[in-house]
Every structure is written in C-alpha cells, then in structure tokens.
Amino acid sequence: MTTPMVKAEGVHKSFGAAHILKGIDLEVAPREVFCLIGPSGSGKSTFLRCINHLEQINAGRLSVDGELVGYRQKGDRLYELKDSEVALQRREIGMVFQRFNLFPHMTALENVMEAPIQVKGEAKAVARARAEKLLDRVGLADKAKNYPTQLSGGQQQRVAIARALAMEPKLMLFDEPTSALDPELVGDVLDVMRGLAEDGMTMIVVTHEMGFAREVGDALVFMDDGVVVESGHPRDVLGNPQQDRTKSFLSKVL
C-alpha cells in the first residue's frame, strides 16, 4: 500500500468556544490534486493551515508522508515538537495564500531566491539559477527585476507559486489562490496550477473555481460547518451530488 501524502484522522480544531473542525477524516494520495470546496466559514482554510502546523489541532492525528505533523508519539501520547523541528517539516510543504504576501522591497527574482538561501543555506548562484527557471515556468521570466508593486495581482500570485516551489516541496497547499484576482487574471494562475498537476505535484486546493476542480481534480471534498459532507471524484460530486446540503451549495455556485 502506498503511504498517503496527507492523512487526517478525527481532526478537531477550536478557537475559544468556536468549534471549527469537528472530526475531519480524509486521505490524499501522492500525485493527487485534491480539491476542497464549501461555503465561507466551513473550515477549509483552517484545515489547510493545520496541515503545516500554522494552526495546532486540538484532537486527532494529522500526518504528511507518514510523519505526524507538529507532534511526536511516545507510547500512546503525543508530544508537541520544538519550533525548529516544525520548521523542518514545513520546508517540505509549500503554501500559497489568497493574498500574495511577497516581500515588497525585493524583486520577483529575489522573492523566489530568498527562502532557499535563508532556510536551506543554499549558495546564491544555485538559488538564482533555480529562481530564474521557476519564473520562466510560471511565465514571468521577463518580470524577474520587477518589484511587486510593478506586477498585476495575477503576476504576483504566480511569483508566490514560484517562491513556494523554490523550496522543492513534496506537497503544495493552495488557499483560494484566485479569489483576490480580477476575473481576467484567474486563467494565468490556473494554467500554472494545471502544469504542476501534469508534472505530478501533490496539491490540496481550497477553491471556488468549480471548472478547475472538475477538469484537474482527482478527488473533491465538500465541507460545511466543520465536517466533510460529501466526497468523491469531482465530476461525480459536482455533476450528481448525493447530499441535500451539497445540492443546495452547488445550486448557488454552478
């Protein structure tokens, strides 16, 4: 049996009295494009942030490539890892946010080079060569010397994807990567993500782009109120939903 790239078992997350995740169980296979859909506030983004321990889970287990995230098991108890150990785990998980979070004082090229140099101690020449290739891959080779303010939102998001890829992650997380973009800029970002899927990158994508989920996704989960309501192949869930809550949601977005 192949080890799942991501495995969630009974994952719970609360913020004070607000119970956001209420026992999430799911598996993401290596090389799979796994799409998460659902209304705002359903827990999708929180779950994504738990995968790289930006948020600590309150109960359950979450593992990436067979390794517990944020914790070590000793006997039947879990102990939280040190910050330095969590940072090592995060190096292998790329994340792209709604807002691009680029360093405004750095060029596109410098943004992509920064993490390998600072986190991995990579030589500048090596980091630069990879950054140039990645900017070319996302269609921005001619924007290497531009600062974020000189780029459109779609271009900034593609730089953010290149920056995440620069760490050579085994898993990419996308948190509604097109939601902050003008409609005509969405296609360029989705094209880059399609290319990653074709190259076999394991991806978890929180998205409102149902066409992308149907066309590129291998698996889809509909979440609402902190639980998985329905899951299956995207074409099946989107084309023939079984649960009333799924039908109601899709009737408003399709």
Side-chain angles (χ1 to χ4, degrees), residues 2 4-6 8 24 26-40 42-45 47-48 51 93-100 134-140 152-165 169-224 228-254:
T2 306
M5 182 58 73
V6 177
I24 300 295
L26 57 80
E27 289 189 11
V28 181
R31 303 176 68 86
E32 192 167 55
V33 178
F34 191 99
C35 296
L36 284 171
I37 65 169
S40 296
S42 58
K44 309 181 301 294
S45 295
F47 177 67
L48 214 60
I51 293 172
I93 304 172
M95 187 157 186
V96 178
F97 300 87
Q98 288 181 41
R99 294 288 172 184
F100 329 119
L134 287 170
L135 285 176
D136 183 50
R137 180 176 181 176
V138 300
L140 293 173
S152 71
Q155 289 169 336
Q156 289 186 60
Q157 191 61 294
R158 284 185 279 155
V159 173
I161 293 172
R163 181 176 63 178
L165 292 172
K170 63 171 85 169
L171 169 67
M172 284 284 285
L173 310 176
F174 292 88
D175 188 7
E176 297 187 21
T178 60
S179 65
L181 303 180
D182 292 333
E184 70 267 24
L185 303 176
V186 168
D188 290 337
V189 173
L190 294 181
D191 284 344
V192 171
M193 294 170 66
R194 281 188 192 92
L196 290 177
E198 288 165 6
D199 291 345
M201 173 64 74
T202 309
M203 300 158 60
I204 303 179
V205 185
V206 173
T207 186
H208 294 296
E209 301 291 340
M210 301 301 161
F212 174 86
R214 183 187 289 109
E215 178 193 342
V216 183
D218 299 302
L220 182 143
V221 156
F222 170 66
M223 284 179 64
D224 186 38
V228 172
V229 176
E230 190 161 348
S231 62
H233 191 279
R235 288 191 181 91
D236 295 334
V237 177
L238 297 175
N240 187 27
Q242 300 301 302
Q243 302 298 321
D244 289 343
R245 182 65 189 95
T246 317
K247 292 175 185 176
S248 171
F249 174 77
L250 292 176
S251 72
K252 296 178 176 70
V253 300
L254 288 178

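The analysis underlying the following values was restricted to heavy atoms, covering all of them including side chains, and did not include hydrogens, waters or symmetry mates. Numbers here simply count residues along the sequence, with the first being 1.
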Report yes or no: does Gln157 contribute a side-chain atom to a donor-acceptor pair with the main-chain N or O of Phe97 at less than 3.5 Å? yes

Rounded to the nearest 0.5 Å, what separation is found between the CG atom of Asp175 and the CD1 atom of Ile204? 11.5 Å

Exercise: identify the closest heavy-atom pair between Val33 and Val216: CB-O, 3.8 Å

Closest approach of Pro39 and Phe249, non-hydrogen atoms and distance? N-CE1, 3.5 Å

How about Leu181 and Phe100: do any of their side-chain heavy atoms sit closer than 4.5 Å? yes

Over all atoms of both residues, closest heavy-atom pair of Gly94 and Ala164: CA-CB, 4.2 Å

Cut-off 3.5 Å, no hydrogens considered: what does the side-chain donor-acceptor table look like for residues 182-196, sequence neighbours left out?
residue	atom	partner	partner atom	Å
Asp191	OD1	Arg194	NH1	2.8
Arg194	NE	Glu215	OE1	3.4
Arg194	NE	Glu215	OE2	3.0
Arg194	NH2	Glu215	OE1	3.2

In Å and rounded to the nearest 0.5 Å, what is the NZ to CE distance from Lys170 to Met5? 6.0 Å

For Asp199, give me all partners under salt bridge (Lys or Arg N to Asp or Glu O under 4.0 Å), at least two apart in sequence or on another chain. Arg137

In this structure, SG of Cys35 is separated from CZ of Phe174 (nearest 0.5 Å) by 10.5 Å

Please tell me if the side chains of Leu26 and Phe34 come closer than 4.5 Å, counting only heavy atoms from C-beta onward. yes

Mind listing the closest non-hydrogen atom pair of Glu209 and Thr207 along with its distance? N-OG1, 2.8 Å

Locate the shortest heavy-atom distance separating Pro234 from Ala213; write the atom from each residue and the value. CB-O, 3.2 Å

Apply side-chain contact (heavy atoms from CB on, under 4.5 Å) to Phe47 and Leu36, showing your working. CA-CA 10 Å; Phe47 177 67; Leu36 284 171; 4.0 Å; yes

Measure across Asp224 and Ser42 and return the closest heavy-atom pair with its distance rounded to 0.1 Å. CA-CB, 3.6 Å

Run the side-chain contact (heavy atoms from CB on, under 4.5 Å) check on Val205 and Phe212 step by step: do they pass? CA-CA 10 Å; Val205 185; Phe212 174 86; 4.3 Å; yes

Going by heavy atoms in the side chains, are Ser40 and Glu176 under 4.5 Å from each other? no

Within the 3.5 Å criterion, strictly below it, is a donor on Ser251 or Lys247 matched to an acceptor on the partner's side chain? no

Hey, what do you get for CG (Leu165) to CE (Met201), rounding to the nearest 0.5 Å? 5.5 Å

Would a 4.5 Å heavy-atom cut-off, applied to side chains only, mark Ile24 and Met223 as touching? yes

Side chains of Ile51 and Leu171 in contact at under 4.5 Å (non-hydrogen atoms): yes

Using side-chain heavy atoms (C-beta onward) and a distance below 4.5 Å, is His208 in contact with Val253? no

Would you confirm whether Glu230, through its side chain, and Val228, through its main-chain N or O, come within 3.5 Å as a donor-acceptor pair? no

For the OG atom of Ser231 and the CD1 atom of Ile37, what is their distance to the nearest 0.5 Å? 11.0 Å

Point-to-point distance, once rounded to the nearest 0.5 Å, from CD1 of Ile93 to CG of Leu48: 10.0 Å

